[in-house]
There are 2 protein chains.
Amino acid sequence: MLKTHAIKIQFRFEDIMAVTIIDVARRANVSKSTVSLVINNSPAIKLETKYKVLRAIEELGYVPNINARGLTSRKTNILGVLTMVENLSQKSYNFDSDTEIFSYDVSIGIPKGLVNTDFGLLNERFCIPENSNDLPLLIKNNRIDGLFIIGGLFGDDFAKKIKDCGIPTVVVGRKNEFFDYITADLEQGVFLSTTHLLETGHKKLCYINCPVTFSTSVDRYNGFQKAIDSSEVKPEEKWSINAEHNNGAGGYQAIKDIWEAGKRPDAILAANDSIALGIMRYLYEQKVRIPEDISMISYENSILSGYSVPALSTVDINKELIGEEACRILLNRIARPKSKRVSMVIPTTLVHRDSVIVRS
Amino acid sequence: MLKTHAIKIQFRFEDIMAVTIIDVARRANVSKSTVSLVINNSPAIKLETKYKVLRAIEELGYVPNINARGLTSRKTNILGVLTMVENLSQKSYNFDSDTEIFSYDVSIGIPKGLVNTDFGLLNERFCIPENSNDLPLLIKNNRIDGLFIIGGLFGDDFAKKIKDCGIPTVVVGRKNEFFDYITADLEQGVFLSTTHLLETGHKKLCYINCPVTFSTSVDRYNGFQKAIDSSEVKPEEKWSINAEHNNGAGGYQAIKDIWEAGKRPDAILAANDSIALGIMRYLYEQKVRIPEDISMISYENSILSGYSVPALSTVDINKELIGEEACRILLNRIARPKSKRVSMVIPTTLVHRDSVIVRS
DNA sequence: CTGAAAGCGCTTACAG
DNA sequence: CTGAAAGCGCTTACAG
C-alpha cells in the first residue's frame with residue numbers, strides 16, 4: 001500500500017519542469033490559441049499582445065514541445081540527409097575505397113541554411129545495391145518533411161521511387177531530371193585549372209577524368225577542351241583518360257597506363273582529390289617530384305588535398321555554400337511543392353597550394 | 001462559394017494515406033490499447049493476439065506516428081551526436097585546420113548500434129568558445145533522449161552544464177569523470193607501433209606526440225616508453241616531443257625542430273594521422289624518402305593515412321566499433337539512468353601499409 | 001489477458 | 001484581433 005503510493009508520487013524531471021503553452025497563456029493573460037499564433041508568427045496578432053506573449057515565453061523559458069507541434073501540424077520539422085555510398089561495410093580507409101568527403105563537407109554547410117528555422121537534420125548513409133528494394137529508413141518511418149540526396153550513386157529507378165513518396169527533395173552534387181538540384185560548375189572549374197596550367201607555361205597536359213559511367217565526366221572533359229581551344233598558346237601535346245574507378249586506385253592505374261605508354265606530361269589535372277592522390281602515389285614511386293618534374297591541379301578541395309604531400313592546388317567547389325543553398329531550395333520546395341523545378345550551379349575558384357610551378 | 005468548397009476537399013497525401021492504430025485495431029478485432037501493447041512488446045499479450053495484430057500491421061503497412069508516440073511517452077526517440085569542433089567558420093582544408101575525421105568515422109558506426117531500435121540521430125557541430133554560454137541546440141530545443149559527445153574539445157565547465165540537463169550522455173574518444181565514456185586504448189596502440197619499429201630494426205626513434213594540453217598525451221607517451229622498456233633490443237637514441245597544434249602544421253613544426261636540432265631518427269611515430277601528414281610534408285621538402293630513409297607509423301587510421309603518399313602504416317583504433325559500442329552504453333544509460341558509470345576501452349591493431357621498411 | 005477512458009501539448013477552423 | 005473547442009495518434013494506468 002505504502003509502496004504503491006511512493007511510486008505514484010515519483011515524478012520525472014520533465015514532469016516538474018515542463019512549461020507548456022498553457023503556462024505561457026496564463027502568464028500573459030491570453031488564451032493558448034493566441035500564444036500559438038504568436039509562436040507561429042501569425043500576422044493577425046496585435047503587436048502589444050505579441051510582445052506580452054513573447055515576454056512571458058522569455059520569462060518562463062518556454063520551448064514548444066516538438067512532438068505536439070508535429071502531431072497537430074502533421075510535420076516532423078526534420079529534414080533528411082541521405083548520403084549515397086558504394087557499400088555499407090566496414091571502411092578500410094585504403095585508397096581503393098570511396099572517401100565520402102564530399103557529402104560530409106556539404107552536410108557541414110546545411111545547418112547554416114537552417115538557422116532561424118525549426119528544422120533538425122537526420123542523416124542516413126544509404127547504398128542501393130545492398131538495400132535493393134528498400135527505401136531509406138528516414139522515409140519508411142515517416143521521419144522527415146524533406147530530403148537532401150547527396151552524391152551521384154543512384155539511378156533513375158531509385159529517383160522514381162523517391163519521387164513517388166511525395167517528399168520534397170533536392171539532389172546535391174549532380175544534375176538530374178526528377179528533382180531540384182544544385183551542383184558545382186564542373187566545366188567552369190576544369191576550365192579554370194586547365195587555363196592556369198597553360199598560363200604557367202605547361203606544354204604537355206594530361207587530364208585524368210572520372211569514370212566514363214559518371215554523367216559528370218562529359219562536363220569535365222568539355223572544360224578541359226574549351227580551355228585549350230580558347231588559349232593563346234597551344235599545348236604541344238595533350239592526353240585525356242578516364243579512370244576506371246573513382247578513387248585513389250583508379251587514379252594510380254590511369255597514370256600508370258599513361259606512363260607505361262611512354263607519355264610524359266609536364267602537368268596533370270585530376271577529376272577530384274581522391275584520383276589525384278592515387279596519381280601522386282604512382283609518381284612518388286617513380287621518383288617523380290611534384291611540382292619540379294610535373295605540376296598538378298586537382299578538383300574539389302578537401303582535407304585530402306589540403307593535407308597531401310606536397311599540398312595540392314585544386315579547384316574549390318564551395319561545398320559549404322552548396323549545402324547552404326541546397327537548404328534554401330528545399331525550404332522553397334516544401335513551402336511551394338508545385339513550383340517549377342529549380343536547378344542551381346555554383347561557380348568554383350582555384351586554390352593555389354604547392355603543386356604547380358611556373359615553367360618557361 | 002465553389003472555390004471555398006474546392007479548397008476544403010483538397011486533402012493532402014498523408015490525410016488519405018495515414019494508417020493509424022485504430023485501423024489496425026479494427027482489422028485485428030482488438031482495441032487500440034492492445035495494438036499499442038503489441039507494438040511496445042508487452043509480455044502481457046497472448047501470443048495468438050500478438051500475431052493477429054502483427055499481421056494486421058503488416059497488411060496495412062502501418063507505421064506508428066512518431067510524434068504521437070513521443071507526445072505521450074515524453075520521448076523523442078532521437079539521440080544527439082555532438083561533434084566538438086575548434087571553430088564553426090568556413091573550412092579551409094589546409095593542413096593547419098582540424099580534420100573532424102574522427103567524429104565522422106565514429107558517427108558512421110553509431111547507426112550499427114541502433115539497428116532494431118526506433119532511435120534516429122540528430123547531429124550538431126558545436127564549438128565552445130564561440131557559443132560561450134549557450135547549450136547545443138539539440139538540448140535547448142529538447143529534441144533528444146540521449147547524447148553522444150565526440151571528441152575532446154571541451155572542459156569541465158561544459159561537462160557540468162550538460163550534466164545538469166539530466167540527459168543521458170556518453171563521451172566518445174576520451175576519458176572523463178562526468179559521464180560514461182568509450183575510447184581507444186591509446187597506451188596499447190602506441191606500444192604496438194613502437195614495438196613493431198623496434199622489431200624491424202630501427203635504432204633511433206622519435207615520438208611526435210599531440211599537444212601537452214591534451215589529456216591523452218600522457219597515455220601515448222607511456223605506450224612509447226613502455227615498449228622501449230620491455231624490448232629486448234634497446235634503441236640507440238630516442239626522442240619525444242609534443243606538437244604545439246593537433247594538426248598537420250603542428251607535426252610539420254615539430255619535426256622541423258627535431259631536424260634543425262640535428263637529430264636524425266630512422267623511424268618516427270606520430271600521435272595521429274594529421275600530425276603524421278605534417279611530418280611527411282617536411283620530410284618531402286627535405287627530400288627525405290619514406291620509408292627508405294625514415295620509417296613512419298601513425299595513429300588512428302583514416303582516409304588521410306590510407307590515401308597518403310606513400311600509404312601510411314598506422315594504428316587502427318576501430319572507430320566504427322567505438323561508435324557501435326557507444327550506442328550500447330548510451331542505450332543502457334537511458335534504460336537505467338541511475339546505474340554505475342561505465343568506461344570502455346577498445347583495443348587497437350596495427351595496419352601495415354608502405355611506410356615501414358625492415359632495417360638490418 | 002484486454003478494453004474504455006483520460007490525457008500528452010499543441011494547431012486549426014470557427015465564432016464572435 | 002482573440003477565445004473555446006475539437007482533434008492529431010498515440011500510451012498508460014485502471015478496471016474487469
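All heavy atoms count here, side chains included; hydrogens, waters and symmetry mates do not. First the proteins, then the strands, lettered A, B, ... as listed; each starts at 1. It should be emphasised that the depicted structure is a prediction, and the values quoted were computed from it without experimental measurement.
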Could you write out DNA chain C as a dot-bracket string, with dots for unpaired bases, | for bases paired across to another strand, and Watson-Crick or G-U pairs counted at under 3.5 Å?
|||.||||||||.|||
Across the strands shown, which category fits B/T20 at heavy-atom distances under 4.0 angstrom: base, sugar-phosphate, nothing?
sugar-phosphate
Within 45° cone of A/F154 ring axis and under 6.0 Å: A/R174 NZ or CZ:
yes
Distance check needed: C/dT11 C1' versus B/N67 CG, whole Å only.
13 Å
Reading nucleotides 1-6 of chain D from 5' to 3' and marking B where a protein heavy atom lies under 4.0 Å of the base, S where only the sugar-phosphate is that close, and - otherwise, the string is SBBBBB
Report yes or no: do B/R143 and A/N67 form a side-chain donor-acceptor pair below 3.5 Å?
no
By side-chain contact (heavy atoms from CB on, under 4.5 Å) - contacts of A/P111 (at least two apart):
A/L121
Is any NZ, NE, NH1 or NH2 atom of the basic residue among B/K91 and A/E320 found under 4.0 Å from an Asp or Glu carboxylate oxygen of the other?
no
Please confirm whether the shortest side-chain N or O distance from B/R74 to OP1 or OP2 of D/dT12 is below 4.0 Å.
no
To the nearest angstrom, how far is B/N141 atom CG from C/dG9 atom C1'?
16 Å
Figure out the CG/C1' separation between B/L71 and C/dC8, and round it to whole Å.
4 Å
In plain terms, say whether B/R341 and B/D180 are close enough for a salt bridge, that is, a side-chain N and a carboxylate O under 4.0 Å apart.
no
Intermediate values then yes/no, ring-ring contact (aromatic ring centres under 6.0 Å, His included), A/F148 and A/F179:
CA-CA 10 Å; A/F148 301 94; A/F179 307 106; over 10 Å; no
Mind calculating the distance between CD1 (B/I22) and P (D/dC10) to the nearest angstrom?
8 Å
B/I21 CD1 to D/dC8 P, in whole Å, measures 14 Å
Could you check whether A/R328 pairs with A/E324 (Lys NZ or Arg NE/NH1/NH2 to Asp/Glu carboxylate O, under 4.0 Å)?
yes
Quick one: B/I66 CD1 to D/dT11 P, roughly how many Å, whole number?
11 Å
note: A/N65, atom CG; C/dG9, atom C1'; distance rounded to Å ~ 6 Å
Whole Å only: how far is the CG atom of B/D23 from the P atom of D/dC8?
12 Å
So do A/I167 and A/I162 actually touch side chain to side chain, heavy atoms under 4.5 Å?
no
Is B/D145 salt-bridged to B/K75, cutoff N-O under 4.0 Å?
no
